Amino acid sequence: MEILIATQNRHKVEELQVILNDHKLLTPRDAGIDFDFEETGTSFFENSYGKAMELFGQTGKPVLADDSGLVVPALNGEPGIYSARYGAKKDGTNLAAAERNSYLLEKMEGISSRKAFFVCSMTLVLSAERFFNIQETLNGEIAEQPAGTHGFGYDPLFFLSEYGKTVAELPENEKNRISHRGRAGIRMKALLKNLEEII
Ligand code: ITT
């Protein structure tokens, strides 16, 4: 199936295309659409649903959206739904990923619980009244310093004790097998197969 991905984040598209390899994922840009959704929701789900419905409204084609982020309970849930904008400059410009990671490390100074989790809320819209949402998580800890070059965003700071590595030190296929996006994507793949067989 051809599916439009309601995102401007190329890393998400790259990861999802590997998982949803039976399907052709198109970015709004591929489809010649200027897509810029203002995230005003109060949860990952609301933003995921909002992005997907907005692009569906513009195209009428099957759309998939991924709203995701990092939650640190000891920081009252920060950066949470503001993960992409965490520590943004006064003029509204987002920090680069490495700067955002430094900002998070500063916030973690003096905090003993470094537990954290990633969330991925994935919404497939087939019509205005027909949609499916899958939300998955990945538990870990905030490392003392960044390590690794794979992945994107907060991956160099997200430590998995069962591997003794950060997510950015895992090969791409291993991240896809266990991550919040990977788990949601694998379930979405099964759902799409089921929809195609049983519609
Ligand atoms: P779109 O809204 O256009 O999809 P975005 O990057 O702004 O792109 P989000 O609002 O969902 O997307 O914010 C997600 C942020 O959370 C992302 O920019 C990263 O900083 C972080 N993030 C999400 N998934 C991640 C992952 O797998 N690894 C590392 N960081 C991740």
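Note that the structure is predicted; figures quoted are calculated from it, not measured. All residue numbers in this chain count up from 1 along the given sequence. As a basis for the values below, the full set of heavy atoms in this structure was taken, side chains included, without hydrogen atoms, waters or symmetry mates. Counting starts at 1 for both ligands and their atoms, following the listed order.
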Among protein heavy atoms, which sits nearest to [atom], and what does the distance come to when rounded to 0.1 Å?
| atom | value |
| --- | --- |
| atom 1 (P) of ligand 1 | Thr7 OG1, 3.3 Å |
| atom 3 (O) of ligand 1 | Gln8 N, 2.8 Å |
| atom 18 (O) of ligand 1 | Ala84 CB, 3.6 Å |
| atom 23 (C) of ligand 1 | Ser68 OG, 3.3 Å |
| atom 29 (C) of ligand 1 | Phe152 O, 2.9 Å |
| atom 30 (N) of ligand 1 | Tyr154 N, 3.1 Å |
| atom 6 (O) of ligand 1 | Asn9 ND2, 2.9 Å |

CA sep, side-chain torsions, deciding dist, call: Thr93, Asp91, side-chain hydrogen bond (donor to acceptor under 3.5 Å, both in side chains): CA-CA 6 Å; Thr93 319; Asp91 66 2; 2.5 Å; yes
Enclosure of Asn21 CG (heavy-atom neighbours >12, cutoff 6.0 Å): yes
Can you sort out which atoms of ligand 1 are near [X], meaning under 4.0 Å from one of its heavy atoms?
| X | result |
| --- | --- |
| Gly153 | 29 (C), 30 (N) |
| Asp67 | 9 (P), 10 (O), 11 (O) |
| Asp155 | 26 (C), 28 (N), 29 (C) |
| Lys12 | 1 (P), 4 (O), 5 (P), 8 (O), 9 (P), 11 (O), 12 (O) |
| Arg100 | 20 (O) |
| His180 | 24 (N), 25 (C), 26 (C), 27 (O) |
| Lys175 | 26 (C), 27 (O), 28 (N) |

Selected option - heavy-atom contact closest to atom 16 (O) of ligand 1, from Ser83, Ala168, Pro79: Ser83
Selected option - heavy-atom contact closest to atom 2 (O) of ligand 1, from Lys51, Arg181, Arg85, His150: Lys51
Any N/O pair Glu15/ligand 1 closer than 3.5 Å: no
Pair Glu196-Lys193, salt bridge (Lys or Arg N to Asp or Glu O under 4.0 Å): steps then yes or no: CA-CA 5 Å; Glu196 283 172 337; Lys193 187 161 188 290; over 6 Å; no
Sub-4.0 Å heavy-atom contact, Gly151 with ligand 1: no
Side-chain donor or acceptor of Asn101 paired with backbone N/O of Gly153 under 3.5 Å: yes
Ligand 1 contact on Glu39 by region, counting heavy-atom pairs under 4.0 Å: side chain
Phe37, portion touching ligand 1 at heavy-atom distance under 4.0 Å: neither
Quick check: closest heavy atoms across [X] and [Y], and the distance to 0.1 Å?
| X | Y | answer |
| --- | --- | --- |
| Met53 | Phe131 | CE-CD2, 3.9 Å |
| Ala6 | Ala65 | CB-CB, 4.0 Å |
| Leu105 | Gln145 | CD1-CA, 4.2 Å |

side-chain hydrogen bond (donor to acceptor under 3.5 Å, both in side chains) evaluation trace for Tyr82 with Glu39: CA-CA 9 Å; Tyr82 305 106; Glu39 294 181 1; over 6 Å; no
Residue of the set Arg181, Arg187, Arg183 for which salt bridge (charged side-chain N to carboxylate O under 4.0 Å, His left out) holds with Glu136: Arg187
